[in-house]
Colleague: 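Structure provided below as structure tokens; questions to follow.
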Amino acid sequence: MIEKINAPENVVAFRAIGEVTAHDYKTVIAPAIDQLVSKINKINFLFLIDTNLENFTLTSWLEDAFIGIKNFTKWNRAAIVTDSENAISFTNGFSYIAPGEFRGFKKDSFDEALQWVQGK
């Protein structure tokens, strides 16, 4: 499940818990991103992964990729917050191949991640 979490007006923020499906991306993440893009024409995104990566279905990863490609030029800052070293490394490397800045943070650095993604 993905739930929207409170964040500053220039940020969309989410928390993944339990099983994550494509439906979560379509009904929670995509509409919030569309709304933010219509408001500020860029995406500042924070995603707290509070579940094992194995709990993401294959179709959820495909939907994640679709949302990323659909908004390819709109990404400004994206923070992925997790204790998975692999996910943090992947996120940090993503800045080299995509527009915008992408950074991985450990869960105990959530506040730092939120400040960074909002531009502070």
Side-chain angles (χ1 to χ4, degrees):
M1 175 173 79
I2 295 176
E3 59 187 15
K4 194 168 180 191
I5 56 178
N6 289 332
E9 287 186 7
N10 69 328
V11 174
V12 287
F14 307 94
R15 177 177 176 231
I17 53 175
E19 184 183 52
V20 177
T21 67
H23 180 76
D24 297 317
Y25 277 86
K26 290 176 183 177
T27 60
V28 180
I29 291 181
I33 286 177
D34 290 345
Q35 184 179 21
L36 185 64
V37 167
S38 71
K39 188 162 59 170
I40 66 172
N41 202 35
K42 62 183 175 181
I43 302 168
N44 296 312
F45 178 89
L46 183 137
F47 195 33
L48 170 61
I49 300 174
D50 228 358
T51 189
N52 292 327
L53 294 177
E54 294 82 21
N55 288 334
F56 284 73
T57 65
L58 174 60
T59 56
S60 72
W61 291 116
L62 294 172
E63 193 62 30
D64 179 80
F66 174 74
I67 290 170
I69 292 168
K70 175 186 169 201
N71 297 288
F72 192 71
T73 62
K74 302 296 183 186
W75 292 98
N76 184 49
R77 286 190 170 189
I80 305 302
V81 182
T82 178
D83 283 336
S84 166
E85 290 293 338
N86 289 337
I88 289 171
S89 293
F90 178 82
T91 301
N92 291 340
F94 207 68
S95 287
Y96 296 108
I97 60 171
E101 297 176 74
F102 294 79
R103 280 184 62 186
F105 294 85
K106 290 283 200 173
K107 287 183 190 177
D108 62 2
S109 298
F110 178 87
D111 292 336
E112 178 186 348
L114 185 57
Q115 288 180 1
W116 176 80
V117 82
Q118 67 180 314
K120 292 188 177 183

Colleague: Identify each donor-acceptor pair in which a side-chain atom of residues 17-28 lies under 3.5 Å from a protein atom, sequence neighbours left out, and give them as a table.
Modeller:
| unit_1 | atom_1 | unit_2 | atom_2 | d |
| --- | --- | --- | --- | --- |
| Thr21 | OG1 | His23 | N | 3.3 |
| Thr21 | OG1 | Asp24 | N | 3.4 |
| Thr21 | OG1 | Asp24 | OD2 | 3.3 |
| Asp24 | OD2 | Thr21 | N | 2.8 |
| Thr27 | OG1 | His23 | O | 2.7 |

Colleague: Return the set of residues passing salt bridge (Lys or Arg N to Asp or Glu O under 4.0 Å) with Lys4 (not counting sequence neighbours), or none when no residue passes.
Modeller: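 Salt bridge (Lys or Arg N to Asp or Glu O under 4.0 Å) list for Lys4, sorted by chain: empty.
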Colleague: Between Val11 and Ile40, is there shared hydrophobic-cluster membership here, with clusters defined by ILVMFWY side-chain heavy atoms closer than 4.5 Å?
Modeller: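 As far as the 4.5 Å side-chain criterion goes, Ile40 and Val11 are not connected within one cluster.
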Colleague: Would you name the heavy atoms of Glu9 and Leu36 that are closest together and state the gap between them?
Modeller: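 Scanning both residues completely, I find the closest heavy atoms to be O-CD1, 3.5 Å.
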Colleague: Which donor-acceptor pairs under 3.5 Å do the side chains of residues 64-73 make with protein atoms, sequence neighbours left out?
Modeller:
| unit_1 | atom_1 | unit_2 | atom_2 | d |
| --- | --- | --- | --- | --- |
| Lys70 | NZ | Asp34 | OD1 | 3.2 |
| Asn71 | ND2 | Ile67 | O | 2.9 |

Colleague: Relative to the ring of Phe102, is the ring of Phe94 parallel (under 30°), tilted (30 to 60°) or perpendicular (over 60°)?
Modeller: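 Geometry flag for Phe102 against Phe94: perpendicular rings.
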Colleague: I'd like to know whether CD of Glu3 has more than 12 heavy-atom contacts from other residues, nucleotides or ligands below 6.0 angstrom.
Modeller: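 More than 12 within 6.0 Å, yes.
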Colleague: Show your reasoning for whether side-chain contact (heavy atoms from CB on, under 4.5 Å) applies to Phe45 and Ile29.
Modeller: CA-CA 10 Å; Phe45 178 89; Ile29 291 181; 4.1 Å; yes
Colleague: Only one of Phe110, Phe105, Phe14, Trp116 forms a side-chain contact (heavy atoms from CB on, under 4.5 Å) with Leu46, so which one is it?
Modeller: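 When side-chain contact (heavy atoms from CB on, under 4.5 Å) is applied between Leu46 and each of Phe110, Phe105, Phe14, Trp116, only Phe110 qualifies.
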Colleague: For Asn76, is there any backbone N or O sitting under 3.5 Å from a side-chain donor or acceptor partner on Asn44?
Modeller: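 No, the answer is negative, given that no donor and acceptor are paired below the 3.5 Å cut-off.
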Colleague: Please tell me whether Ile43 and Ile80 are part of a single hydrophobic cluster in this structure, the criterion being side-chain heavy atoms less than 4.5 Å apart.
Modeller: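 Both belong to a single hydrophobic cluster.
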Colleague: Is it true that a side-chain atom of Asn10 and a backbone atom of Gln118 form a donor plus acceptor pair closer than 3.5 Å?
Modeller: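 Indeed, once roles are kept as given, a pair shorter than 3.5 Å links the two residues.
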Colleague: Treating Ile, Leu, Val, Met, Phe, Trp and Tyr as nodes and any side-chain heavy-atom pair under 4.5 angstrom as an edge, say whether Phe47 and Trp61 lie in one connected cluster.
Modeller: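 Phe47 and Trp61: one cluster.
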Colleague: Looking at side-chain heavy atoms only, is the closest gap between Phe56 and Ile49 below 4.5 Å?
Modeller: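 Yes. Closest side-chain heavy atoms under 4.5 Å.
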Colleague: Quick one: does Ser89's side chain have a donor or acceptor within less than 3.5 Å of a partner on Asn86's backbone?
Modeller: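 No; zero donor-acceptor contacts below 3.5 Å.
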Colleague: Under 3.5 Å, is there a donor-acceptor pair between the side chain of Ser84 and the main chain of Ala87?
Modeller: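 Indeed, once roles are kept as given, a pair shorter than 3.5 Å links the two residues.
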Colleague: Find the distance between OG (Ser60) and CG (Leu62) and round it off to the nearest 0.5 Å.
Modeller: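 Reported value, rounded in 0.5 Å steps: 8.0 Å.
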Colleague: Identify the heavy atoms of Ala79 and Val117 that sit nearest to each other, and give their distance.
Modeller: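 Looking at all heavy atoms of both residues, the shortest contact is N-CG2, 4.0 Å.
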Colleague: Atom CZ in Arg103, atom CG in Asn92: separation rounded to 0.5 Å?
Modeller: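 That separation rounds to 7.5 Å.
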Colleague: Mark yes or no for whether Arg15, through its side chain, and Asp50, through its backbone, hold a donor-acceptor pair below 3.5 Å.
Modeller: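 Side chain of Arg15 to backbone of Asp50, a donor-acceptor pair under 3.5 Å: no, none is there.
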Colleague: May I ask whether Ile88 and Val81 are part of the same hydrophobic cluster, defined by side-chain heavy atoms of I, L, V, M, F, W, Y residues being less than 4.5 angstrom apart, directly or through others?
Modeller: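 No.
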